[in-house]
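It should be emphasised that the depicted structure is a prediction, and the values quoted were computed from it without experimental measurement.
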Amino acid sequence: MTALAGIGLYSPKQAERLIGVDAAKIRRWLLAADSPNGPLWHPEPEALGLEDTLSFKDLLEIRAVEQFRKHGVSLQTIRAALTNLSELMQRNYPLLHPQLVTDGKDVILRAMKDDGETAMTDLTKFQDVMAEVVAPSIKDRITFDASNNPIRWSPDPSDPGIVVDPKFAFGKPIVLPSHMSTLALFQAYEAEDGDADAVARNLEITVDEVVRAVNFEKRIAAVEFLH
C-alpha cells in the first residue's frame with residue numbers, strides 16, 4: 001500500500017465525476033480489455049497491481065486528451081503525438097506541456113528558437129507548420145512543481161480552496177484549510193439534517209468550510225462546471 005500512497009486513486013466512474021469524461025470512454029482509451037487498438041498509455045496503478053484504476057496524473061492527462069478531442073483532433077493523431085512527445089521529452093504524461101497547441105487537426109509544439117522566432121512543430125510528422133492555432137485549457141487551475149509535474153488541481157472555477165491533491169484522501173476533493181474530504185463533509189451535513197453549524201462543531205472546523213464543501217458537492221452532482 002505504501003507504493004500507492006500519494007499518487008491518487010480513482011475508478012473510471014470517479015474520474016468521470018471529476019473531469020466529465022464518460023467512464024466508458026475512459027476505459028476505451030486506457031484499459032486494455034476495452035481498447036480495440038490498445039490503450040493510449042498504461043495507467044500508473046496498473047504497474048502496482050491495481051486494475052480498472054487511475055492515478056492523479058492519469059486523471060489530468062485524460063482531461064487533456066478530452067480537450068484536444070473537443071478541438072477536433074482525432075484519437076489517432078493524439079496517440080501518435082503522445083508517443084513522439086514522450087520520446088522527445090523523455091517523460092510520461094506529456095500532454096500537460098504548456099506549449100502544446102492545435103489547429104483543430106494536429107497536436108503542435110510551439111517553442112522559441114534561438115533567433116527569437118516561434119517554431120511550431122507538428123508532433124505527428126515532426127514537420128514545421130504555419131497555421132492558426134488555439135491553446136486548449138489543459139493547464140487551467142493546475143499547480144506544478146519545479147519539474148513541471150502536476151501536484152494539485154482546483155476543479156471548481158468558483159472556489160480555488162477546493163482542491164484535488166494526491167497526497168490527501170487518495171486524491172479525492174478536499175476543502176482548505178482543513179484538508180477534509182468534501183464528500184465526507186457533505187454526508188455529515190446530510191446526517192445532521194442540513195445543520196452546517198453542527199457539522200462544524202463536531203469536526204472542529206469552520207462553518208465556511210462545511211458550506212463550501214456542500215456547495216461543491218451539489219454543483220458537481222449537477223454537472224455545473226465539468227466538461
Side-chain angles (χ1 to χ4, degrees), residues 6-8 10 12 15 18-22 25-32 34-48 53-153 155 164 166 171 227:
I7 69 169
Y10 313 87
L18 280 172
I19 61 175
V21 181
D22 185 75
K25 183 187 290 186
I26 292 172
R27 287 191 170 94
R28 288 198 304 273
W29 287 353
L30 290 192
L31 304 178
D34 295 81
S35 180
N37 298 312
L40 291 174
W41 67 87
H42 291 279
E44 192 173 7
E46 187 177 294
L48 301 172
T53 306
L54 314 173
S55 73
F56 175 70
K57 290 179 181 179
D58 293 316
L59 185 80
L60 295 184
E61 193 85 342
I62 291 167
R63 181 172 172 264
V65 172
E66 180 74 352
Q67 287 285 334
F68 280 109
R69 292 289 293 122
K70 285 184 175 181
H71 283 285
V73 182
S74 72
L75 204 58
Q76 181 180 4
T77 296
I78 292 171
R79 186 184 295 274
L82 271 166
T83 299
N84 293 337
L85 194 57
S86 295
E87 292 175 357
L88 180 68
M89 299 177 65
Q90 291 297 298
R91 63 185 293 166
N92 297 322
Y93 305 102
L95 287 186
L96 295 176
H97 193 286
Q99 299 304 320
L100 291 184
V101 296
T102 181
D103 59 358
K105 182 178 67 174
D106 297 309
V107 178
I108 297 167
L109 177 63
R110 181 171 56 190
M112 190 72 71
K113 296 190 292 188
D114 292 339
D115 60 6
E117 295 294 319
T118 299
M120 294 197 296
T121 304
D122 174 351
L123 290 169
T124 304
K125 306 179 185 72
F126 273 116
Q127 296 176 345
D128 288 345
V129 295
M130 294 290 292
E132 293 293 326
V133 297
V134 294
S137 54
I138 53 179
K139 289 186 63 178
D140 282 1
R141 305 183 305 279
I142 298 175
T143 302
F144 295 85
D145 65 14
S147 300
N148 282 323
N149 294 307
I151 57 175
R152 177 175 282 189
W153 172 49
V164 172
H227 308 283

Any non-hydrogen side-chain atom of [X] less than 4.5 Å from a side-chain atom of [Y]?
X      : Y      : answer
Leu100 : Leu109 : yes
Asp106 : Thr77  : yes
Pro43  : Thr53  : no

Taking every non-hydrogen atom, the tightest pair across [X] and [Y]:
X      : Y      : value
Ile142 : Ile138 : CD1-O, 3.2 Å
Pro136 : Gln67  : CB-CB, 3.9 Å
Ser55  : Tyr93  : OG-OH, 4.1 Å
Ser74  : Arg69  : CA-NH1, 3.6 Å

Check: With respect to Ile78, which candidate in Thr102, Thr83, Val65 satisfies the side chain to side chain contact (heavy atoms under 4.5 Å, CB included) definition?
Finding: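 Result for side chain to side chain contact (heavy atoms under 4.5 Å, CB included) with Ile78: Val65.
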
Check: In Å and rounded to the nearest 0.5 Å, what is the CG to CG distance from Asp122 to Asp128?
Finding: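 That separation rounds to 9.5 Å.
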
Next item on the list: Answer yes or no: is there a donor N or O on one side and an acceptor on the other, between the side chain of Thr121 and the main chain of Leu123, under 3.5 Å?
Entry: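 Checking the backbone N and O of Leu123 against the side chain of Thr121, no donor-acceptor pair under 3.5 Å is found.
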
Check: Among side-chain atoms of Asp58 and Trp41, is any donor-acceptor pair under 3.5 angstrom?
Finding: yes

Margin query: Check this for me: Lys105, atom NZ, are more than 12 non-hydrogen atoms of other residues, nucleotides or ligands nearer than 6.0 Å?
Written below: no

